[in-house]
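Since we're looking at a predicted model, the values are computed, not measured.
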Amino acid sequence: MSTLAHTMMTAARSTDSDLAGSGELDRYPYAEAPPADRVGAPSWEGAGPELGRVGRRAAGSRGRGLHGQLVQQLGQMIVSGDLGADRPLVPEEIGQRFEVSRTVVRESLRVLEAKGLVSARPNVGTRVRPVSDWNLLDPDIIEWRAFGPQRDDQRRELSELRWTIEPLAARLAAGHGREEVQQRLGDMVEIMGHAMGQGDSLTFSRADAEFHSLLIQVAGNRMLEHLSGIVSAALQVSGGPVTGCERPNDTTLAQHARIVDALASGDGAAAEGAMRQLLTVHPEVERVVPAPREH
């Protein structure tokens, strides 16, 4: 198999562990809430201190080590409803419960605030924000919702969003074909075929995510390009049918190949139709989106 395929079989997703500056950390002071304000404070029952056991996978925006794992632990607890809206989060208590430093706690809260999950205000402290304030397009939140009580809604919403984004991206991409991108898309189909033959679902899913991300990026629409992370997150979410791509078979592979052929010939209508067919391979999705339209 090609070097590219070998690389995809062995490479782990890169992570981003940038830390906040010291000034930002001061926004989450210890002992920020007086005892009277701690009424209704969250119970940490069931939240184990061994952060190494936390989470199903390391997502890129969470970073490595204790900081990334604490972000995941707290994020999952908020999204699952274990830490409800307007509940106070006292950094000192978090640090003691999870046996991590104040720097780790403060940086983790900063990341969660950027995702819209918590807010830190003077004289009020750090509190969980309502769902309406969350950045629901954040890849981490997409994954946490997909494993929580909102899993069915999350998968349905992802399917509907992909049905809106990707057929249009396929049509536009046919008018912006570049030889190197065409080659890369063809490589992804080849890798998917090889991985399917080897029963390697991990490599298949990585090549699949790369394929769809490339397709959106080559569409020539910068606003669509910003949504490529959502598609990648949708493809990486496991545990239930989001598209036919999650269950590798000859049909899904053939649909990917059809898209590549349509792009190579500059046929936008065919590329759009092939993408719609791909997104309705699985019956679970067909209940959400309409049947592919005729061209």
Side-chain angles (χ1 to χ4, degrees), residues 13 15 42-48 51-63 68-87 89 108 111-118 128-166 201-202 204-206 208-209 211-213 216 227-249 252 276 278-290:
R13 272 187 287 171
T15 57
S43 169
W44 302 106
E45 292 298 326
L51 292 180
R53 296 182 302 165
V54 173
R56 298 168 178 81
R57 63 168 68 88
S61 62
R62 290 190 214 116
Q69 294 175 56
L70 182 58
V71 168
Q72 183 173 0
Q73 174 75 84
L74 294 176
Q76 287 177 335
M77 293 179 72
I78 292 171
V79 170
S80 69
D82 291 340
L83 298 177
D86 206 38
R87 297 293 288 273
L89 299 178
S108 298
V111 173
L112 293 174
E113 184 175 28
K115 298 177 184 295
L117 295 179
V118 304
V128 176
R129 298 171 70 174
V131 177
S132 58
D133 292 341
W134 298 356
N135 178 8
L136 296 179
L137 301 183
D138 182 279
D140 284 344
I141 294 180
I142 288 175
E143 180 179 324
W144 295 335
R145 290 185 72 206
F147 287 106
Q150 303 171 25
R151 64 178 66 88
D152 292 338
D153 287 340
Q154 177 67 101
R155 289 168 184 149
R156 174 183 54 79
E157 290 167 3
L158 286 172
S159 296
E160 292 171 346
L161 190 58
R162 291 193 62 197
W163 177 263
T164 303
I165 294 171
E166 294 196 73
S201 59
L202 178 58
F204 185 99
S205 65
R206 286 176 173 170
D208 188 27
F211 179 97
H212 290 268
S213 180
I216 292 175
L227 299 177
S228 63
I230 301 171
V231 174
S232 295
L235 288 165
Q236 290 161 2
V237 167
S238 60
V242 174
T243 71
C245 305
E246 286 200 353
R247 301 188 178 185
N249 55 53
T252 58
R276 291 187 186 278
L278 175 61
L279 294 177
T280 56
V281 165
H282 200 283
E284 183 72 15
V285 182
E286 291 188 80
R287 296 205 300 269
V288 176
V289 298

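Across all non-hydrogen atoms, the minimal contact from Ser213 to Ser228 is OG-CB, 4.0 Å. Closest approach of Val128 to Leu83, counting heavy atoms only: CG1-O, 3.7 Å. The two atoms that bring Lys115 and Asp140 nearest to each other are NZ-OD2, 3.0 Å, heavy atoms only. Heavy atoms only, all atoms of each residue included: Gln76 and Trp144 are closest at CG-CD1, 3.4 Å.
Note that CG of Leu136 is 8.0 Å distant from CD of Gln150, once rounded to the nearest 0.5 Å. Note that the CG atom of Asp152 and the CZ atom of Arg156 stand 9.0 Å from one another [nearest 0.5 Å]. Note that NE2 of His212 and CD1 of Ile165 are 12.5 Å apart. Values are rounded to the nearest 0.5 Å. The line from CD of Glu157 to CD1 of Ile142 is 10.0 Å long, rounded to the nearest 0.5 Å. To the nearest 0.5 Å, the span separating CD on Glu113 from OG on Ser108 amounts to 13.0 Å. Annotation: the span from Phe211 atom CZ to Leu278 atom CG amounts to 7.5 Å, rounded to 0.5 Å.
Judged by distance alone, with hydrogens and angles left aside, the side-chain atoms of Arg129 form no donor-acceptor pair with the main-chain N or O of Trp134 at under 3.5 Å.
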| task | Show the numbers, then the answer: is there a side chain to side chain contact (heavy atoms under 4.5 Å, CB included) between Leu161 and Leu137? | result | CA-CA 11 Å; Leu161 190 58; Leu137 301 183; 4.3 Å; yes
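Between Arg276 and Glu166, no side-chain nitrogen of the basic residue sits less than 4.0 Å from a carboxylate oxygen of the acidic one, so the salt-bridge criterion is not met.
Contact annotation: the side chain of Ile216 never approaches that of Leu227 to less than 4.5 Å [non-hydrogen atoms, C-beta and beyond].
Under the side-chain contact (heavy atoms from CB on, under 4.5 Å) rule, Ile141 has a single partner from Leu112, Leu117, Ile78, which is Leu117.
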